[in-house]
Structure formats: C-alpha cells, structure tokens
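Input: one structure, supplied below.
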Amino acid sequence: MSPRVRTVLLAVSGLIILILGLFGVQRWLGSGEILGNVTVAGHDVSLRGLSPEEADEALSLLELELSVDPVTVQIDGQPVTVLPEQFGFALDRDAMIDEAMRLGREGGISEQFRWWLRHLLSTSSIHPGGSLDAEAIEALLSTWDLDVVGQPPVPGGVALEGDRPVPVYPETGLEIDRGTAGDRLLQASLAPRPATAVLDTTVANSRVTRADVDTSVSRAELWLSSPVQLAAGDVTMEFSVSDMARAFTSTVVDGVVVLGFDPQVIAEVLERNRGDLESPPVDARLEVDGYDVVIVPGSNGTLIDPEATAEALAMAASSVRRQGTLPFVEGAEPNIRTADLEQLGIRHLVSEFTTYHPCCQNRVTNIPLMADIIDGAIVMPGGTF
C-alpha cells in the first residue's frame, strides 16, 4: 500500500472516529435534553438543548402569548374578534415535549446516528397542539347564535292569551355548525397571528314536534280549567285561574316541553295568606338584666315552601278532584339560633350610656329611628358594623 493511500485511509479513519466521537459526546452531554435545533412550527420558539422542565416553561410563555392574542372569527361574512382564553384555549405542552424528546432517539443506534448527521445544520419542527374548553365554546357559540347569526329556532311550547293556552309551534332557524367550529377555533388559536377562523352555519331544528305542542296545550287547558285547592289540616288555600295563569311557565328541556308554575310568583300569591298559615321562627336574642346578659331562646317555626307549593299545584291541577296538600317546612330554624348566641360567650354588660335630646324637633327624628334599627344588632367576631 502506497504511503499516499495509507495517508488517505488514516485521514478518513480519523474523520470517522472524530465524527463518531462527536456524536457520542453530544449524546452524553444531551442526555435528558431535547436534541438538535427544535422549534415550534410557525412560532419563534427554540427548544434547543432544553430539559423537559425548561421546555415546559418556554411553552407556557407561548401559551400565554397565544391566549391573549386575538383571532378573527368570520360568521356568515361578519367578523368577530375574540381572545382564545375566552374559550379555554390551552397548549398540550406534555404532548409537544414528548414529541420533541423523541426526535433523534427513535430506532436503533445507526438510525439515530443518521438522524444526527442530517440535522447537524438543519432545524426540526414540532407542530403545536392544544385543546379548548367545551363548555366555554358552547357558551360563546350560543351567544354568537343570537348576536351574530340572529336567526334562532323557535323551540315550541305553550303561550297564554289572557288565561287561555295557545300553541307555539316549532320553527327552524340557523346556528353555528358545532361539528366543525371547535376544530377551526383551535387551529386559529394555534396559528401565527393574524389568524382567522371561518365558522359555517347550519339549519337548526327543534326536537319538539307539532304533536308535542298540541299535547302540551291540552295539558295546560286542564291546568287552567278551574281553581285548585291546596289544604293543610283545617286550612285551605284556593288558587284561582288568574293566579295560576300569572305563574304559568312553559320551557323546553332536552327536547321536551315542560310545563310548570314559577315559585316566585307562587310566593307572591301565598303572601295574602301567610299570616294565617305560617308560624315564623323566632330569633334568639340577648337581654340585659342588670349587670348580666341573658339569652332568650329562639324557637323553630313552620313555613310554606314556594317551590314545593308550585309542584303540588301542578299535580293538583292535573287531577280530576283539583285538590292537593299545601306543603310546609316543619321545624324551620331562625336566622339566629340559641346555640349561635351561646357560642359568643357574652355574659356581662360592658358599658351603657344615655343620650338626651329636646323633644319634638325635626332634627332629632333620626335619633330614635336609628336606635330602633340598631337595637339588638350583634357584630360577630371579625365583622364590621
């Protein structure tokens, strides 16, 4: 073998050894770190030589930046600006870090070596991935359905003309296509700015049928056909057709027409008989007896429950006899219980004073008025008077 050939072979062998040595050193130094020059596609974020923890910090900053950088949403040609944080945007940082850590480590040692050679002077990219909050998206889309699309479907139900039930038949409308909206909003959130998400609209149908509405109207006619009586012991309260019509409600829940009575309106109707029907609970109170402070015990009472009354009224209105039971809450506790005052540990009078003022002057009217208001007031520990 000639000296020249020997020199070339030695040079080549030395170069190979040098390259292999460099590969080994970099692998050893890069253990537990991202290999090569890795970036996030479309964004100025380098993960080169970062540990998983350091990469998570870098991606957290990118996530924050994207969350507050607005995207444009086109809905039927109408632009709407929104921040990705409004629909719960988040980067899938764990998956992105896993992808970055796999680069250059997959396959056998020869395959890893070839990857290293190919990427000595080049850049690898990982694709950003993320997720959105389903409830936040639905809330936002529902708002856009009303404010931007503006053609909501009529769900159907029962309305009243005076005291007479009339049908409200379902009608089709338009809404944003839920099948594609989430993916398009996510892709726009992940993209470099400016970014636009084009959302399609689709026909929106009510799950309620005309037959469902007719059935509900017949049921409402029965409810409002004549007065209903609810009794408790010797006490009977009558709800007139006008009372029931004022409280009547019709809503659609999961494609079903639900009839009912509004508990707030029922509470107003109950007011005219509360004095005869209820025994309100009595608050415990403190009384000063000379130098001592004593507790006057409170007592439980009996109250009418407006929500339970609304349900009982619906059941009675659906019956042939049109009678039912007036529901009470037995043992209703007072706002201030005896045990509450006992825990305060108030045992003795601390101080007292008397204020004198001339009688019958307009300017002193607020003095007895204020005294009546604050009489018996208790400032709890940490509270503010």
Side-chain angles (χ1 to χ4, degrees), residues 139 142-143 145-146 152-171 173 206-283 300-335:
S142 296
T143 299
D145 282 339
L146 295 176
V154 176
V158 181
L160 294 183
E161 290 182 355
D163 296 342
R164 184 173 66 89
V166 294
V168 178
Y169 291 115
E171 297 179 9
S206 173
R207 291 162 58 185
V208 175
T209 67
R210 293 177 67 90
D212 294 333
V213 172
D214 290 336
T215 299
S216 298
V217 169
S218 298
R219 186 180 173 202
E221 288 173 342
L222 173 62
W223 281 20
L224 303 180
S225 60
S226 61
V228 171
Q229 292 182 337
L230 298 182
D234 296 332
V235 178
T236 299
M237 182 171 181
E238 183 171 283
F239 293 82
S240 67
V241 172
S242 178
D243 291 334
M244 292 186 289
R246 190 158 62 93
F248 179 80
T249 61
S250 171
T251 56
V252 175
V253 180
D254 294 332
V256 177
V257 179
V258 178
L259 305 183
F261 294 110
D262 185 345
Q264 290 187 345
V265 178
I266 294 299
E268 296 172 5
V269 176
L270 290 171
E271 281 299 323
R272 63 180 181 236
N273 293 94
R274 279 190 185 274
D276 299 329
L277 299 174
E278 292 183 330
S279 299
V282 178
D283 287 340
N300 293 344
T302 300
L303 300 175
I304 304 175
D305 184 348
E307 292 190 6
T309 301
E311 295 176 3
L313 184 62
M315 291 182 62
S318 301
S319 68
V320 176
R321 297 180 62 232
R322 305 188 69 76
Q323 294 178 348
T325 301
L326 187 62
F328 286 93
V329 178
E330 301 288 349
E333 293 188 340
N335 293 324

Side chains of Val257 and Ser250, heavy atoms from C-beta outward: is any pair under 4.5 Å?
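The answer is yes, as the side chains (C-beta and beyond) meet within the 4.5 Å cut-off.
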Out of curiosity, Met237 CE to Thr309 OG1, how far, rounded to the nearest 0.5 Å?
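Nearest 0.5 Å value for the CE-OG1 distance: 8.5 Å.
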Ignoring hydrogens, what is the shortest heavy-atom contact between Pro263 and Pro306? Give both atom names and the distance.
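For Pro263 and Pro306, the tightest heavy-atom pair comes out as O-CB, 3.6 Å.
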Can you tell if the side chain of Val208 reaches within under 4.5 Å of the side chain of Val213, non-hydrogen atoms only?
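Answer yes - side chains close enough.
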Quick one: OG on Ser142 to CG on Leu146, what's the gap to the nearest 0.5 Å?
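Reported to 0.5 Å precision, the distance equals 7.5 Å.
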What closest approach, in Å, do Ser206 and Val154 show between heavy atoms, and which atom pair accounts for it?
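Between these two residues, the closest heavy atoms are CB-O, 3.8 Å.
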For the student: nearest non-hydrogen atoms of Gly156 and Val252, plus distance
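Distance-wise, the nearest heavy atoms are O-CG2, 3.2 Å.
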Side chains of Thr209 and Asp212: is there a donor and an acceptor less than 3.5 Å apart?
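The answer is yes; a qualifying pair exists.
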How far apart are the closest heavy atoms of Pro327 and Ala312, and which atoms are they?
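Where Pro327 meets Ala312 most closely, the heavy atoms are CD-CB, 4.2 Å.
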Report yes or no: does Arg210 contribute a side-chain atom to a donor-acceptor pair with the main-chain N or O of Tyr169 at less than 3.5 Å?
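Checked: no pair found.
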How many angstroms lie between atom CG of Leu160 and atom CE of Met244, to the nearest 0.5 angstrom?
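Nearest 0.5 Å value for the CG-CE distance: 11.0 Å.
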Atom of Pro155, atom of Pro170 and distance for their closest heavy-atom approach
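For Pro155 versus Pro170, the nearest heavy atoms are O-CB, 3.8 Å.
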Do the side chain of Ser216 and the main chain of Gly157 share a donor and acceptor less than 3.5 angstrom apart?
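Checked: no pair found.
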For residues 243-265, pull every pair meeting ring pair (Phe, Tyr, Trp, His ring centres under 6.0 Å), keeping only residues two or more places apart or in separate chains.
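Applying ring pair (Phe, Tyr, Trp, His ring centres under 6.0 Å) to every pair that reaches into residues 243-265, excluding sequence neighbours, yields Trp223-Phe261.
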I'd like to know whether Arg322 forms a side-chain contact (heavy atoms from CB on, under 4.5 Å) with Leu222, so could you lay out the CA-CA distance, the side-chain angles of the two residues, the decisive distance to 0.1 Å, and finally the verdict.
CA-CA 10 Å; Arg322 305 188 69 76; Leu222 173 62; 4.1 Å; yes
Does any part of the side chain of Val241, heavy atoms only, come nearer than 4.5 Å to the side chain of Pro227, both counted from C-beta?
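They are in contact (side-chain heavy atoms under 4.5 Å apart), so the answer is yes.
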Atom CD of Glu311 and atom CG of Asp305: how far apart are they, to the nearest 0.5 Å?
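Glu311 CD to Asp305 CG: 8.0 Å, rounded to 0.5 Å.
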Separation between CG of Leu259 and CG of Leu224, rounded to the nearest 0.5 Å
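Reported value, rounded in 0.5 Å steps: 9.5 Å.
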How many angstroms lie between CG in Leu230 and CG in Leu313, if you round to the nearest 0.5 Å?
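Between Leu230 CG and Leu313 CG, I get 5.5 Å after rounding to 0.5 Å.
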Are more than 12 heavy atoms, taken from residues, nucleotides or ligands other than Gln264, located less than 6.0 Å from that residue's CD atom?
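Count not over threshold, so no.
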So, do Glu271 and Ile304 sit near enough that their side-chain heavy atoms are less than 4.5 Å apart?
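A side-chain contact is absent here, since even the closest heavy-atom pair is not under 4.5 Å.
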Donor-acceptor under 3.5 Å (Asp214 side chain, Ala211 main chain):
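No; judged by distance alone, with no hydrogens or angles, the pair does not exist.
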Check whether any side-chain heavy atom of Arg219 lies under 4.5 Å from a side-chain heavy atom of Thr215, and answer yes or no.
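Contact flag for Arg219/Thr215 side chains = no.
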Is the CD atom of Glu307 crowded by more than 12 outside heavy atoms at less than 6.0 Å?
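Check fails, neighbour count at 12 or below.
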